[in-house]
Amino acid sequence: MTAGVKAPAQPTPLTDPLRTPDKAIVGQKWSLWKSASIGLLVGAFTLVIQVANGRGFELANYAHARSAGTISYLVGQTLAAPLIFVLIALVRNLFNRRQSKSSASAVAWAATFAALLVGVWLALFVYGEIFFASDDVISGEIRKTFVAGVQSSCVRKQRSISQTATEAQVQGYCTCVSGKAADGTTYRQLRTEPDARALAELRQKMEAVGNSCR
């Protein structure tokens with residue numbers, strides 16, 4: 001070959017930009033346990049927001065009662081977000097079947113999820129105990145619930161024993177009774193079922209409230 005003369009460049013093979021080589025697949029599948037743990041943290045954050053906004057009475061009441069029904073409710077509250085995140089991960093993995101498996105340790109994330117779940121439940125139970133340990137007069141959502149319950153019970157009773165009172169009179173009397181009853185009720189008094197002595201004191205209290213509203 002003559003000096004100074006360059007050899008012709010070899011043609012570059014044509015490549016299809018839409019074709020991805022098998023070995024060029026990037027990314028991994030999402031770990032289901034990791035997704036569940038993230039979902040649990042998100043769910044716990046929403047519970048904190050609920051309490052911070054003054055709507056924690058229902059959670060405290062269920063956590064304090066600890067019956068089969070209330071425990072089932074709390075389980076549903078805490079596991080709803082993790083289940084949604086796991087479902088999202090499953091769908092995402094289904095559409096990315098060719099990706100490699102997640103490098104996250106399933107055992108480690110399962111243990112993390114279990115620890116977080118126990119921590120959330122313990123926090124709810126402690127919150128329920130603290131909520132009903134105060135000697136302050138009830139307020140906020142719990143007062144509204146208490147007033148509504150007393151109002152409904154009072155209206156039914158007055159309708160059954162008074163045939164001459166008008167509906168407006170019954171409603172006005174029961175509104176007065178429920179409001180004054182709430183004004184003398186503390187969180188601690190709602191904590192446990194009243195015994196015989198507490199029931200007697202409660203009847204006397206309601207009679208005094210009823211007389212003052214007539």
In one Ile/Leu/Val/Met/Phe/Trp/Tyr side-chain cluster, 4.5 Å: V75, L124: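 Both belong to a single hydrophobic cluster.
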Close side-chain approach of K180 and S212, heavy atoms under 4.5 Å: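 When only atoms from C-beta onward are counted, S212 and K180 do touch, with a gap below 4.5 Å.
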Starting at CD1 of I38, measure out to CH2 of W33 and round the result to the nearest 0.5 Å.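 I38 atom CD1 to W33 atom CH2 measures 14.0 Å (nearest 0.5 Å).
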How many angstroms lie between CD in Q28 and NZ in K101, if you round to the nearest 0.5 Å?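 Going from CD on Q28 over to NZ on K101, the span is 12.0 Å.
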Is the shortest heavy-atom distance from the side chain of F57 to the side chain of F146 under 4.5 Å? no
Other residues, nucleotides, ligands: >12 heavy atoms within 6.0 Å of K29 NZ: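 Yes.
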Name the orientation class of the two ring planes belonging to F131 and Y187 (parallel below 30°, tilted from 30 to 60°, perpendicular beyond 60°). perpendicular
Nearest heavy-atom approach of A89 to S35 is CB-OG, 3.4 Å
N93 CG to Q99 CD distance, which is reported to the nearest 0.5 Å: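 Rounded to the nearest 0.5 Å, the CG-CD separation comes out at 7.5 Å.
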If we ignore hydrogens and angles and just use 3.5 Å, is the side chain of R143 paired with the main-chain N or O of G140 as donor and acceptor? no
Taking L47 as the starting point, is it possible to reach L40 by hopping between hydrophobic residues whose side chains are less than 4.5 Å apart? yes
As a quick check of understanding, evaluate side chain to side chain contact (heavy atoms under 4.5 Å, CB included) for S178 and Y173, giving each step before the final call. CA-CA 9 Å; S178 59; Y173 170 78; over 6 Å; no
For the side chain of T175 and the backbone of Q171, is there at least one donor-acceptor N/O pair under 3.5 Å apart?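 Looks like yes, one N/O pair under 3.5 Å.
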Would L117 and T78 count as a side chain to side chain contact (heavy atoms under 4.5 Å, CB included) here? Give the steps. CA-CA 8 Å; L117 186 61; T78 52; 4.1 Å; yes
Minimum heavy-atom distance between A63 and G128, given as atom pair plus value: CB-CA, 4.4 Å
Are the side chains of L83 and L87 in contact, using a 4.5 Å heavy-atom criterion? no
Measure from the side-chain N and O atoms of R188 to the backbone N and O of A133, and report whether any donor-acceptor pair falls under 3.5 Å.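 Checked: pair present.
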Looking only at heavy atoms, what is the nearest atom pair of V177 and C213, with distance?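 In terms of heavy atoms, the two residues are closest at N-SG, 3.5 Å.
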Under a 4.5 Å side-chain heavy-atom rule over Ile, Leu, Val, Met, Phe, Trp and Tyr, are L41 and V86 clustered together?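 Looking at the clustering, V86 is in a separate group from L41.
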State plainly whether one hydrophobic cluster holds both W109 and I84, where clusters connect Ile, Leu, Val, Met, Phe, Trp and Tyr through side-chain heavy atoms under 4.5 angstrom apart. no
Looking at every non-hydrogen atom in both residues, tell me the closest pair between V137 and A182 and how far apart they are. CG1-O, 3.5 Å
Should Q50 and E58 be marked as a side-chain hydrogen bond (donor to acceptor under 3.5 Å, both in side chains) after you check the CA-CA gap, both sets of side-chain angles, and the distance that decides it? CA-CA 10 Å; Q50 180 178 341; E58 188 176 42; 4.7 Å; no
When rounded to the nearest 0.5 angstrom, what is the spacing between OG in S152 and NZ in K157? 13.5 Å
Can a donor-acceptor pair be found, under 3.5 Å and without considering hydrogens, that links the side chain of N53 to the backbone of I49? yes
Sub-4.5 Å side-chain heavy-atom contact between I138 and T186: no
Counting C-beta onward and ignoring hydrogens, is there a side-chain heavy-atom pair between N61 and T145 closer than 4.5 Å? no
Evaluation steps, side chain to side chain contact (heavy atoms under 4.5 Å, CB included), between L94 and L90: CA-CA 6 Å; L94 181 64; L90 283 172; over 6 Å; no
For the residue pair Y62 and Y73, is the inter-centroid distance of their aromatic rings smaller than 6.0 Å? yes
Straight-line distance of Q169 CD to Q158 CD, nearest 0.5 Å: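 If I round to the nearest 0.5 Å, the distance is 10.5 Å.
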From T70 atom OG1 to L59 atom CG, the distance as rounded to the nearest 0.5 Å: 11.5 Å
Say whether F113 and F85 are linked into one hydrophobic cluster, either directly or through other cluster members, by side-chain heavy-atom distances under 4.5 angstrom. no
